[in-house]
Amino acid sequence: MLPRLTVTLMCAAASIHTSWAAEPMAQPAQQITLAGTAPSVPAPAEFFTGKVRIDPVYAANNDINASGSLVTFEPGARSNWHTHPKGQYLVVTSGVGLVQEWGRPTQVIRPGDVVWCPPGVKHWHGAGPNTAMTHMAVTGTLAGQNVHWLEKVGDEQYLAP
Ligand code: MN
């Protein structure tokens, strides 16, 4: 008896609130991107020093306007100096690395550390001289751009305290 009553009530509700009933059907379905379906890519030598691998995690979309990537730096590897038009979070997932903001000392970053880089702040990030480092990078996008690349980080800059 109860299932029949439930169906009757649902039909009544649907006929009265047609827009309410239609909305769930219009929602896009969840998507699961299976592990192992996004190939690893070497980071471009033009913008990085040393061996760096990028594993794409997710692209920006109209609802969350930031992309996610896992970036792995071998010992001594680092990005060029750069800025992000909408900022960037770095979440260190393994190893020990370095991050530096222009005009400030280099700082050591470790697994669990979260770095917020505000829009337009010049910085670089990378591995330690003797230790690899992987971080998740969550990078906001403005008009299709999420980074503005600048000059390389020379050895003297990289090794400076
Ligand atoms: Mn950055």
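First listed ligand is number 1; within each ligand, the first listed atom is number 1.
- Taking hydrophobic clusters as Ile, Leu, Val, Met, Phe, Trp and Tyr residues chained together by side-chain heavy-atom distances below 4.5 Å, Val99 shares a cluster with Val147.
- Enclosure of atom CD in Gln107 is not indicated, since only 12 or fewer non-hydrogen atoms of other residues, nucleotides or ligands lie within 6.0 angstrom.
- Under the 30°/60° scheme for interplanar angles, the aromatic rings of Trp124 and Tyr158 are found to be tilted.
- Metal site remark for the Mn ion (ligand 1): Gln88 contributes an N, O or S atom at a distance under 2.8 Å.
- A salt bridge is absent between Glu46 and Lys152: the closest approach of a Lys/Arg side-chain nitrogen to an acidic carboxylate oxygen does not fall below 4.0 angstrom.
- Taking backbone and side chain together, His125 holds an N, O or S atom under 2.8 Å from the Mn ion (ligand 1).
- Nearest to the Mn ion (ligand 1), among the N, O or S atoms that His82 has, is NE2.
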